[in-house]
Amino acid sequence: MLFRTCNLAEPLQLSGLLQELEQSGHQLDLLVNNAGIGTSGLYVEQDWSREQHLIELNMLALARLCHAIGGRMAEQGGGQILNVASLAAFQPGPWMSNYYASKAYVLSLSEGLREELRNRGVKVSVLCPGPTRTAFFRGARMQVGHLDTRAVMMDAETVALIAVRGLEKNKAVIVPGWRNKLLAFSSRLGPRWLVRKITAALHKPLLTPPPL
Ligand SMILES: NC(=O)c1ccc[n+]([C@@H]2O[C@H](COP(=O)([O-])OP(=O)(O)OC[C@H]3O[C@@H](n4cnc5c(N)ncnc54)[C@H](OP(=O)(O)O)[C@@H]3O)[C@@H](O)[C@H]2O)c1
């Protein structure tokens, strides 16, 4: 087995990785696009370099990997792709606007590719977890300590296991946990203005520093 690190947000490093894969001639069976970061706060006041980094990692790198490796899989006549989106993909997310928009992109791209690649033997699934106990919120500069209960946060291991089972069943959209399924469903049913207001109200107290 080969381990290789890569800063996926650096286009040159990503090109190098893809070139190595091309030259290795290895059969590519599975691509998991998990890397992603979050940002929070008033978008227009955030450091642009962090927002750009989010776009480069959450969308550009994922799109390029799907293009290059998905293309190789289509040539091979088989393969499987799992893209990690989020519950955030189903709705707009005031105070995390760029992050939510990036995950909507991942969900839409994944579902589109699933249909395009179906007849080429490539299976595409997308994972949409809700709040999960990882380093994500620290990276996004959010305070979620009081939400760290079993009712709100899922364990990363549980989410990963559900993702693997979903992959085995070739599910299109994998939403771990019944609460998250309910949230994904209700955010699509509720009026858009109400969903925006509720999401804004939920996010605001989690921001560091709190908005004025
Ligand atoms: N935690 C949640 O509540 C939650 C909910 C829904 C969706 N998600 C999504 O789940 C995915 C995994 O996040 P997580 O919760 O596990 O957060 P995390 O603990 O912060 O992990 C982020 C992962 O992304 C990798 N990464 C970050 N920047 C990278 C870069 N420039 N190049 C390559 N890899 C990079 C990190 O690698 P290193 O460890 O090497 O830095 C790490 O493996 C993300 O796409 C996130 O949006 C998370």
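Each ligand, and each atom within it, is numbered from 1 in the order the structure gives. Bear in mind that the values here come from a model prediction, so they are computed numbers and not experimental data. Values reported hereafter were calculated over all heavy atoms of this structure, with side chains retained and with hydrogens, waters and symmetry mates removed.
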Which pairs with one or both residues in residues 51-67 pass side-chain hydrogen bond (donor to acceptor under 3.5 Å, both in side chains), sequence neighbours excluded? Ser15-Arg64, Thr39-Glu51, Trp48-Gln52, Glu51-Asn98, Gln52-Glu56, Asn58-Ser102
Where ligand 1 meets Cys6 - atom numbers and elements under 4.0 angstrom, heavy-atom basis: 32 (N), 33 (C)
Numbering as shown, the atoms of ligand 1 that approach Leu57 to under 4.0 Å (heavy-atom distance): 27 (C), 28 (N), 29 (C), 30 (C), 31 (N), 32 (N)
At less than 4.0 angstrom from any non-hydrogen atom of Phe137, what atoms of ligand 1 do you find? 3 (O)
Using non-hydrogen atoms of the residue, decide whether Gly130 is closer than 4.0 angstrom to ligand 1. yes
Would you mind listing which atoms of ligand 1 come within a distance below 4.0 Å of any non-hydrogen atom of Val84? 9 (C), 10 (O), 11 (C)
Quick one: look up the protein heavy atom nearest atom 6 (C) of ligand 1 and list residue, atom name and how far away it is. Pro129 O, 3.2 Å
Classify the ring geometry of His203 against Tyr100: parallel below 30°, tilted from 30° to 60°, perpendicular beyond 60°. perpendicular
So which protein heavy atom does atom 45 (O) of ligand 1 come closest to, and at what separation? Asn34 O, 2.8 Å
Only heavy atoms of Pro131, strictly under 4.0 Å: list the atoms of ligand 1 that pass. 3 (O)
Looking only at protein heavy atoms, identify the closest one to atom 7 (C) of ligand 1 and say how far it is in Å. Ala85 O, 3.2 Å
Considering only heavy atoms of Asn7, which atoms of ligand 1 have at least one such atom less than 4.0 Å away? 30 (C), 31 (N), 32 (N)
Per atom 22 (C) of ligand 1, closest listed option by heavy atom (Ala35, Pro176, Gly36): Gly36
Heavy-atom check, side chain of Asn180 versus side chain of Leu183, under 4.5 Å: yes
The criterion is side chain to side chain contact (heavy atoms under 4.5 Å, CB included); which residues satisfy it with Leu147, sequence neighbours excluded? Val144, Val152, Leu206
